[in-house]
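Quick note on labels: first sequence line is chain A, next is B, and so on, each numbered from 1.
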Number of protein chains: 2
Amino acid sequence: MKEGPPIAQIAALIGDPARANMLGALMSGKALTATELANEAQITRQTASTHLKKLTEGQLLVQRHQGRHRYYALANEEVALTLAGLMGLADLTGQSRTRTGPKDEALRTARACYNHLAGEKGVWLYESLCKQGHLDHKDGTLYLTDNGRAFALTFGIDVDKLENKSSALCRECLDWSARRSHLAGTLGRAFLTRFEEIGWVHRAPKSRAIIFTPRGNREFANHFPL
Amino acid sequence: MKEGPPIAQIAALIGDPARANMLGALMSGKALTATELANEAQITRQTASTHLKKLTEGQLLVQRHQGRHRYYALANEEVALTLAGLMGLADLTGQSRTRTGPKDEALRTARACYNHLAGEKGVWLYESLCKQGHLDHKDGTLYLTDNGRAFALTFGIDVDKLENKSSALCRECLDWSARRSHLAGTLGRAFLTRFEEIGWVHRAPKSRAIIFTPRGNREFANHFPL
DNA sequence: GACACAGTTCGATCATCATCGAAACATCCC
DNA sequence: GGGATGTTTCGATGATGATCGAACTGTGTC
């Protein structure tokens with residue numbers, strides 16, 4: 001990796017097509033094995049291995065051993081949110097050639113972004129929580145109100161346990177192309193996990209798309225009015 | 001430029017050291033000529049020209065003719081904010097080797113970020129405006145309150161004129177390394193411009209640093225209490 | 001133990017792209 | 001017009017880095 005301004009090193013890491021494909025696959029939030037990532041990027045396992053090494057050294061990924069597998073995941077939420085920002089910008093500047101495919105439609109409606117809900121449904125969730133007074137801004141930071149805390153508890157989310165984690169509880173994830181924010185942070189991830197637990201949604205097999213069941217759609221609209 | 005996922009193309013553009021240096025120089029918000037940018041990146045003018053062409057085609061920059069000069073500037077605020085995000089992430093992941101130089105100190109205190117105020121003073125401004133009830137969040141978007149509008153007017157900022165512009169009035173610019181937001185958008189730029197007009201600050205010659213005069217420091221603290 | 005599977009390291013190849021010298025083009029000034 | 005400055009285009013060179021075949025390490029299974 002050539003020397004230069006720090007931003008160039010990170011961008012160069014993301015700038016290779018193979019690596020970008022891997023990062024894109026990891027944006028769902030799930031950890032994937034080296035082989036899965038190699039398939040995702042359409043390269044051999046050897047090549048993938050060198051890429052994964054670079055990404056890990058660059059602190060964009062972390063690896064976790066599990067038997068003979070090595071699972072790779074995005075290093076932290078900051079990486080995920082920055083990548084989301086870049087993706088939105090790419091969309092905005094018209095780098096994306098393929099417009100409005102049938103599968104893209106599902107992604108635009110609801111998708112996983114580092115294990116929180118993004119897309120239209122993500123914006124919906126966020127705005128509903130704000131409007132109900134469950135989330136609020138104070139001096140520039142997003143926080144969960146007492147009302148919101150109670151609401152989360154009745155919804156089956158153990159907020160106290162979330163707060164022990166080192167990363168932030170509430171955070172905004174900005175999507176340039178939608179020009180809207182939605183909820184990220186450990187709370188954002190907890191909501192999506194809960195939706196899965198209670199059978200409102202399930203994940204599409206090989207995609208970031210989140211599929212709402214008919215019941216999930218109804219219940220979601222009931223619990224999160226706009 | 002190799003094909004691949006859209007994000008890779010943008011990142012690859014930023015990922016070259018020479019181009020990254022140019023973008024860094026333009027982050028102040030000022031437009032610079034091709035020759036100035038070549039000097040900034042320490043490359044010949046021919047090389048700079050090809051880089052600038054690529055950046056312009058990639059919609060990261062716009063160029064403006066003025067006589068025999070060609071001024072280049074960041075294409076829009078979205079580009080600027082995304083670059084700021086990447087820079088913060090680079091800082092966070094420890095890509096930056098040079099820690100806490102004497103000049104970095106000034107940058108951390110106050111610097112220009114696409115013509116709005118960033119750094120500690122930027123956070124200060126933002127938090128003060130929030131605390132005084134001049135800025136508020138509603139359903140996930142930042143907006144100027146009626147109080148804030150009146151305040152801006154007495155401060156010498158013509159808000160009505162700003163609102164006619166196509167880009168957003170209020171926007172947040174997130175700095176990962178500081179983990180705080182500050183005010184961007186046309187209003188953010190208007191504030192910095194006004195500070196310059198009334199002699200509170202001036203720009204360091206070849207840097208993004210913003211220098212507060214002694215009087216500027218006092219007045220700033222008076223007008224924007226925390 | 002032998003075998004299959006997952007992943008990494010090594011070495012060689014090859015394509016891409018940044019770089020610069022030279023030259024062309026454009027604009028301003030006198 | 002002629003000369004000076006700013007900028008781009010062209011062509012050639014060179015270095016970086018992505019890629020894959022082959023070989024090697026480590027882990028689980030029978």
Side-chain angles (χ1 to χ4, degrees), chain A residues 1-26 30-58 60-73 95, chain B residues 1-26 30-58 60-73 95:
Chain A
M1 198 67 39
K2 216 181 297 184
E3 279 298 304
I7 187 178
Q9 299 188 46
I10 290 244
L13 279 176
I14 308 170
D16 177 79
R19 286 195 291 262
N21 278 323
M22 294 178 169
L23 291 170
L26 292 170
K30 293 206 309 179
L32 297 174
T33 67
T35 316
E36 287 173 314
L37 287 167
N39 293 336
E40 199 69 41
Q42 314 227 47
I43 52 179
T44 60
R45 273 164 278 149
Q46 312 94 283
T47 309
S49 182
T50 63
H51 283 313
L52 289 169
K53 188 179 178 186
K54 289 183 185 181
L55 288 170
T56 307
E57 283 171 352
L60 293 182
L61 300 185
V62 287
Q63 71 172 195
R64 199 182 67 224
H65 289 245
Q66 189 151 137
R68 55 180 164 181
H69 292 280
R70 266 174 171 75
Y71 282 91
Y72 288 88
Q95 311 285 343
Chain B
M1 199 66 39
K2 218 180 295 183
E3 278 299 303
I7 186 177
Q9 299 187 48
I10 290 241
L13 279 175
I14 308 170
D16 177 79
R19 286 194 291 262
N21 278 323
M22 294 179 170
L23 291 170
L26 291 170
K30 294 206 308 178
L32 297 173
T33 67
T35 316
E36 286 172 315
L37 288 168
N39 293 336
E40 199 69 42
Q42 313 226 48
I43 51 180
T44 60
R45 275 162 277 155
Q46 313 92 284
T47 309
S49 183
T50 62
H51 283 313
L52 290 169
K53 188 179 178 185
K54 288 183 186 181
L55 288 170
T56 307
E57 283 171 351
L60 293 182
L61 300 184
V62 287
Q63 73 172 194
R64 200 182 65 223
H65 289 245
Q66 188 148 142
R68 55 181 162 180
H69 293 279
R70 266 175 174 73
Y71 283 91
Y72 288 89
Q95 311 285 344

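Across C/dT19, D/dT8, C/dT9, the shortest atom-to-atom separation from the side chain of A/T50 is found for C/dT9. The side chain of A/K54 has D/dA18 as its nearest neighbour among C/dT9, D/dC20, D/dA18.
Spacing between atom NZ of B/K53 and atom P of C/dA18 amounts to 13 Å, rounded to whole angstrom units. As rounded to whole Å, 11 Å separates atom P of D/dC20 from atom CD of A/Q42. Put simply, CZ on B/R19 is 8 Å from C1' on C/dA18, counting in whole angstrom units. Atom CG of B/N39 and atom P of C/dC20 are 12 Å apart (whole Å). What separates CG of A/D16 from P of C/dA15 is a distance of 17 Å, to the nearest Å. A/Q9 has its CD atom 11 Å from the P atom of D/dG17, to the nearest Å. Going from atom CD1 of B/I43 over to atom C1' of C/dC17 covers 13 Å, rounded to whole Å. Atom CD in A/E57 sits roughly 15 Å away from atom C1' in D/dG17 (whole-Å rounding).
Between B/T47 and A/H51, the residue anchored nearer the 5' end of DNA chain D, judged by the nucleotide with its closest heavy atom, is B/T47.
OP1 or OP2 of C/dA6 has not a single side-chain nitrogen or oxygen of A/R45 nearer than 4.0 Å. For the OP1/OP2 pair of C/dA6 and a distance below 4.0 Å, the side-chain nitrogens and oxygens of A/Y71 include no atom meeting the criterion. Under 4.0 angstrom from either OP1 or OP2 of C/dT8 there lies at least one side-chain N or O belonging to A/R70. For the pair B/S49 and D/dT7, the criterion of a side-chain N or O lying under 4.0 Å from OP1 or OP2 is not met.
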Nucleotide N/O to protein N/O under 3.5 Å, stretch nucleotides 23-30 of chain C:
none

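Counting only heavy atoms from C-beta outward, the side chains of A/M22 and A/L52 approach each other to under 4.5 Å. Side-chain contact between A/L13 and A/L23: absent, with no pair of heavy atoms (C-beta onward) separated by less than 4.5 Å. Side-chain contact between B/L60 and B/I14 is present, with at least one heavy-atom pair separated by less than 4.5 Å.
Nucleic acid contact class of A/A48 (heavy atoms, under 4.0 Å, all strands): none.
Between the OG1 atom in A/T33 and the CD atom in A/E40 there is a gap of 10.5 Å [rounded to 0.5 Å]. Here the straight-line distance linking atom OG of A/S49 with atom CD1 of A/I43 works out to 10.0 Å at 0.5 Å rounding. Rounding to the nearest 0.5 angstrom, the gap separating the CD atom in B/Q63 from the NZ atom in B/K53 is 10.5 Å.
Looking at B/R19, its side chain never comes within 3.5 Å of a backbone N or O of A/A8 through a donor-acceptor pair.
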